Student: 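The structure is given below, and queries will be raised subsequently.
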Amino acid sequence: MGVSENIRAFNQSLGDTNCKLIAVSKTKPVELIQEAYNAGQRDFGENKVQELREKPEQLPSDIRWHMIGHLQSNKVKYIAPFIHLIHAVDSLKLLKEINKQAKRNDRVIQCLLQVHIAQEEHKFGFDEEGIKALFASEDFMDLEHISIVGLMGMATNTDDQNQIRSEFKSLKNLFDELKENYDLPNVKMHEISMGMSGDYAIAIEEGSTMIRVGSKIFGSRNYQ
Ligand SMILES: *Cc1c(COP(=O)(O)O)cnc(C)c1O
């Protein structure tokens with residue numbers, strides 16, 4: 001199947017669920033993104049600032065761009081004018097820089113906190129205590145140009161469906177607990193970004209509101 005068919009099939013099967021498709025277009029040319037756009041897709045995910053600096057100017061301006069990858073503080077300035085949602089915020093330092101650049105652009109930037117749910121050691125992200133400490137800190141209260149709208153997580157890369165499911169469940173439980181117990185002006189929990197090409201079906205069952213799907217839409221990636 002081609003890109004258009006894939007987009008239509010995904011969006012049809014998501015139907016009127018509460019879950020939205022983020023089409024992950026990293027490494028893919030603008031022609032394919034335009035094809036997905038023509039099939040109705042408006043939310044696209046990239047994981048490199050460099051691609052976010054090059055692609056948007058060649059594409060329609062009503063695309064909502066999502067930064068889904070690890071973001072370095074010194075690169076926030078390049079995406080701050082237009083980025084719709086930053087998915088993988090993993091430190092107060094990064095949040096402060098996003099706040100600063102958002103202020104400079106006279107906007108509020110929506111962010112998700114990345115939570116470390118996988119067993120793999122190398123994955124970035126907060127744990128539960130880290131988020132609670134963040135929400136309790138005065139530095140965080142001062143950040144008026146960011147809005148934490150939810151959590152993001154990546155499950156372990158494994159064939160063990162039960163493990164993936166339990167990792168997604170742990171993210172959903174933490175989301176529910178934070179939503180229930182924190183009432184802060186810069187926190188409005190309504191998004192859970194979880195699920196990729198290999199595990200989106202489980203993620204949707206466990207309460208995902210945003211699946212980030214790349215290869216199942218655009219085909220496998222060629223890293224050179
Ligand atoms: C690349 C990437 C995806 C999409 O991966 P696929 O397996 O191709 O669907 C999702 N989330 C993040 C953070 C990524 O870097």
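Note that the coordinates shown come from a computational prediction; the quantities given were computed from them, not determined experimentally. Every number for a ligand or one of its atoms is a count from 1 in the order of the listing.
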Student: I need the atoms of ligand 1 closer than 4.0 Å to a non-hydrogen atom of V213, numbered in the order shown.
Tutor: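 The atoms of ligand 1 under 4.0 Å from a heavy atom of V213 are 9 (O).
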Student: Given the side-chain rings of Y200 and F10, with only the six-membered ring counted for Trp, is the space between their centroids under 6.0 Å?
Tutor: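 That pair passes the under 6.0 Å test.
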Student: Kindly say whether R107 contributes a backbone atom to a donor-acceptor pair with the side chain of H145 at under 3.5 angstrom?
Tutor: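 At least one qualifying donor-acceptor pair exists.
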Student: Do N38 and Q34 pair up side chain to side chain, a donor and an acceptor below 3.5 Å, judged on atom types alone?
Tutor: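 Judged by distance alone, the side chains do pair up.
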Student: I'd like to check which ligand 1 atoms, numbered from 1 as shown, lie under 4.0 Å from a non-hydrogen atom of G214.
Tutor: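 Near G214, meaning under 4.0 Å from one of its heavy atoms, ligand 1 has 4 (C), 6 (P), 8 (O), 9 (O).
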Student: Specify side chain, backbone, both or neither for K216, according to which of its non-hydrogen atoms lie closer than 4.0 Å to ligand 1.
Tutor: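 For K216, there is no contact with ligand 1 at all, from either part.
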Student: Does H87 approach ligand 1 within less than 4.0 angstrom via side chain, backbone, both or neither, non-hydrogen atoms only?
Tutor: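 For H87, no heavy atom sits under 4.0 Å from ligand 1.
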Student: How about Q110 and S147: does a side-chain donor come under 3.5 Å of a side-chain acceptor?
Tutor: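 No pair is found: no donor N or O on one side chain lies under 3.5 Å from an acceptor on the other.
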Student: Can you list the ligand 1 atoms lying under 4.0 Å from a non-hydrogen atom of S197?
Tutor: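 The list of qualifying atoms is 6 (P), 7 (O), 8 (O), 9 (O).
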Student: Do the side chains of P56 and W65 get nearer than 4.5 Å, heavy atoms only?
Tutor: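 Yes. Closest side-chain heavy atoms under 4.5 Å.
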